[in-house]
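Worksheet: the structure to be examined is printed underneath.
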Amino acid sequence: MRDVSSITRIGIIGAGNVAARHADVLSGFPDVVITGIADVDPLKAEALAARHGVPAFDGHAGLLEAGGLDAVYVCVPPFAHGKPEHDVLSCNLPIFVEKPLALDLETAENIASEIRRRGLPSAVGHHWRYLDVLDRARELLADRPVRLALGHWLDKVPPVGWWLDPARSGGQVVEQAVHVLDLARVLVGEVAMVHAVPAAGDGPADGEVDRAVAAVLRFAGGATGTLATTSLLRHKHRAGLEVYADGVALELTETSLTVNGTEVVEDAGRAKTLVDRAFIDAVRDGGGDVRVPYDEALRTHRLALALARSATLGRPVTLDG
């Protein structure tokens with residue numbers, strides 16, 4: 001059990017939209033205070049810090065040097081992962097990391113190893129694991145193994161300058177559809193093989209991420225599946241996972257569950273709060289319903305990177321058990 005006071009003091013590295021969402025949630029907890037916000041863009045750090053009445057730092061080093069922290073949230077773009085996490089862990093602080101974990105596997109593996117070595121609480125922002133409708137889907141599938149899974153993320157280009165650069169975002173599968181892949185692991189199981197094929201011909205300019213990808217997945221338990229992604233649209237058209245088992249068809253999104261094409265169950269909308277509450281509770285007393293510690297998220301990250309690698313190589317990629 002960690003020695004923390006009645007108030008848990010949180011620092012946030014990153015000041016983008018996701019960091020702002022976490023800051024809003026955390027500021028609503030009576031036993032949490034945000035003590036500082038850091039970003040390499042001082043204007044963004046100052047703007048978010050001003051909203052919460054806390055100090056701003058133009059880099060994470062200043063935030064950590066200021067001290068007085070019980071845990072840290074790392075909410076940085078894919079290309080910026082690595083040093084922030086290691087510097088947080090070197091201070092022996094619990095860590096919450098937003099997905100994706102990194103652009104590569106080595107960076108994430110090294111962070112995971114250090115978390116294990118220090119025995120620190122960790123969590124990753126796969127908040128879809130906290131959907132009420134996911135719990136309902138698992139109940140419906142309790143005695144019915146899934147045989148077919150169809151995942152999709154059909155969307156627009158996010159309004160950030162780095163997203164179309166594969167060397168900075170990792171591509172749509174890694175940066176966005178990783179939520180769907182995580183759901184597939186929960187409802188179907190681990191994946192043994194993937195074969196991803198990007199669109200060609202009238203595709204994006206050289207150097208941009210693939211704007212459309214179709215993939216086949218073979219699950220270790222025998223199920224088969226597909227994943228389709230595109231960023232060619234003007235709005236989010238569809239993002240979620242369909243699963244089919246004996247006598248039941250389910251479609252799960254971030255907001256609802258559709259059962260057999262007719263019954264629609266709306267989610268209560270608590271997932272983005274619950275994921276933060278679980279981490280805070282883990283920091284406070286070692287409890288908490290942390291459903292995706294860093295090691296668990298690493299398994300989903302491996303799957304996303306395998307799909308990205310398959311699309312690049314033009315051939316199937318096998319995953320280790």
Side-chain angles (χ1 to χ4, degrees), residues 1-103 106-125 160 162 168 276 279-286 288 290 293-294 297:
M1 182 179 295
R2 294 180 60 81
D3 182 17
V4 296
S5 69
S6 59
I7 297 296
T8 303
R9 301 160 298 178
I10 300 295
I12 300 177
I13 299 173
N17 291 335
V18 174
R21 186 193 82 211
H22 284 296
D24 288 343
V25 171
L26 293 167
S27 65
F29 294 155
D31 56 351
V32 172
V33 294
I34 300 169
T35 61
I37 294 171
D39 197 286
V40 294
D41 183 337
L43 294 179
K44 290 177 67 175
E46 290 165 7
L48 185 56
R51 276 174 50 184
H52 295 277
V54 301
F57 300 88
D58 61 3
H60 70 270
L63 173 68
L64 296 176
E65 288 168 5
L69 296 169
D70 294 311
V72 175
Y73 275 61
V74 178
C75 305
V76 299
F79 61 86
H81 286 285
K83 185 167 176 52
E85 287 92 337
H86 282 292
D87 288 348
V88 169
L89 295 172
S90 71
C91 298
N92 214 42
L93 291 169
I95 192 168
F96 185 110
V97 180
E98 259 304 335
K99 43 61 59 185
L101 301 183
L103 287 176
E106 182 180 8
T107 297
E109 294 273 14
N110 289 339
I111 293 168
S113 177
E114 187 64 9
I115 291 171
R116 287 193 297 268
R117 187 179 75 83
R118 292 178 177 271
L120 290 167
S122 69
V124 173
V160 287
W162 47 263
R168 303 180 77 197
D276 285 335
F279 176 66
I280 296 300
D281 289 344
V283 171
R284 292 184 63 78
D285 60 18
V290 175
Y294 197 94

For this session: Start with the C-alpha distance between Val74 and Ile95, add both sets of side-chain angles, then the distance that settles side-chain contact (heavy atoms from CB on, under 4.5 Å), and finish with yes or no.
Result: CA-CA 7 Å; Val74 178; Ile95 192 168; 3.8 Å; yes
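- Nearest heavy-atom pair across Pro77 and His81 is O-CD2, 3.4 Å.
- A search for side chain to side chain contact (heavy atoms under 4.5 Å, CB included) contacts involving Val40 returns nothing, not counting sequence neighbours.
- Residues Pro30 and Ile7 share a closest heavy-atom pair of O-CD1, 3.6 Å.
- Side-chain contact between Glu98 and Arg21 is present, with at least one heavy-atom pair separated by less than 4.5 Å.
- Atom OG1 of Thr107 sits about 13.5 Å away from atom CZ of Phe79, to the nearest 0.5 Å.
- The distance from the CG atom of Leu69 to the CG atom of Asn92 is 12.5 Å, given to the nearest 0.5 Å.
- Applying the side-chain hydrogen bond (donor to acceptor under 3.5 Å, both in side chains) test to Thr35 and every residue at least two apart in sequence or in another chain returns nothing.
- Legend: residues meeting ring pair (Phe, Tyr, Trp, His ring centres under 6.0 Å) with Tyr73, ordered by chain and number and at least two apart, are His22, Phe96, Phe279.
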For this session: Applying side-chain contact (heavy atoms from CB on, under 4.5 Å), run through Asn110 and His86 and close with a yes or a no.
Result: CA-CA 9 Å; Asn110 289 339; His86 282 292; 3.9 Å; yes
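- Annotation for Val283 and Pro94: closest pair CG2-CB, 3.8 Å, computed over non-hydrogen atoms.
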For this session: Determine, stepwise, if the pair Val290 / Asp281 fulfils side-chain contact (heavy atoms from CB on, under 4.5 Å).
Result: CA-CA 9 Å; Val290 175; Asp281 289 344; over 6 Å; no
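- The structure places OG of Ser122 at 4.5 Å from CD1 of Ile115, a figure rounded to the nearest 0.5 Å.
- The side chain to side chain contact (heavy atoms under 4.5 Å, CB included) test with Val88 singles out one residue from Ile111, Leu120, Val97, Leu93, and that residue is Leu93.
- Residue pairs meeting the salt bridge (Lys or Arg N to Asp or Glu O under 4.0 Å) criterion with at least one member in residues 106-116, sequence neighbours excluded: Glu109-Arg302, Glu114-Arg117, Glu114-Arg118, Arg116-Asp295.
- Using a 4.5 Å cut-off on side-chain heavy atoms (C-beta onward), Val72 and Ile10 make no contact.
- Residue pairs meeting the salt bridge (Lys or Arg N to Asp or Glu O under 4.0 Å) criterion with at least one member in residues 77-91, sequence neighbours excluded, are Lys83-Asp87.
- To the nearest 0.5 Å, atom CD1 of residue Ile34 and atom OG1 of residue Thr8 are 12.0 Å apart.
- When all heavy atoms of Ala45 and Ala38 are compared, the closest pair comes out as CB-C, 4.3 Å.
- Applying the side chain to side chain contact (heavy atoms under 4.5 Å, CB included) criterion to Ala19, with sequence neighbours excluded, gives Ile12, Leu48, Cys75.
- The heavy-atom pair separating Ala49 from Ala56 by the smallest distance is CB-CB, 3.7 Å.
- Residue pairs meeting the ring pair (Phe, Tyr, Trp, His ring centres under 6.0 Å) criterion with at least one partner in residues 32-68, sequence neighbours excluded, are absent.
- Residue pairs meeting the salt bridge (Lys or Arg N to Asp or Glu O under 4.0 Å) criterion with at least one partner in residues 25-37, sequence neighbours excluded, are Asp31-Arg277, Asp31-Arg284.
- To the nearest 0.5 Å, the span separating CG on Asp39 from CG on Leu63 amounts to 11.5 Å.
- Pairs engaging residues 41-64 under the salt bridge (Lys or Arg N to Asp or Glu O under 4.0 Å) rule: Asp24-Arg51 [sequence neighbours left out].
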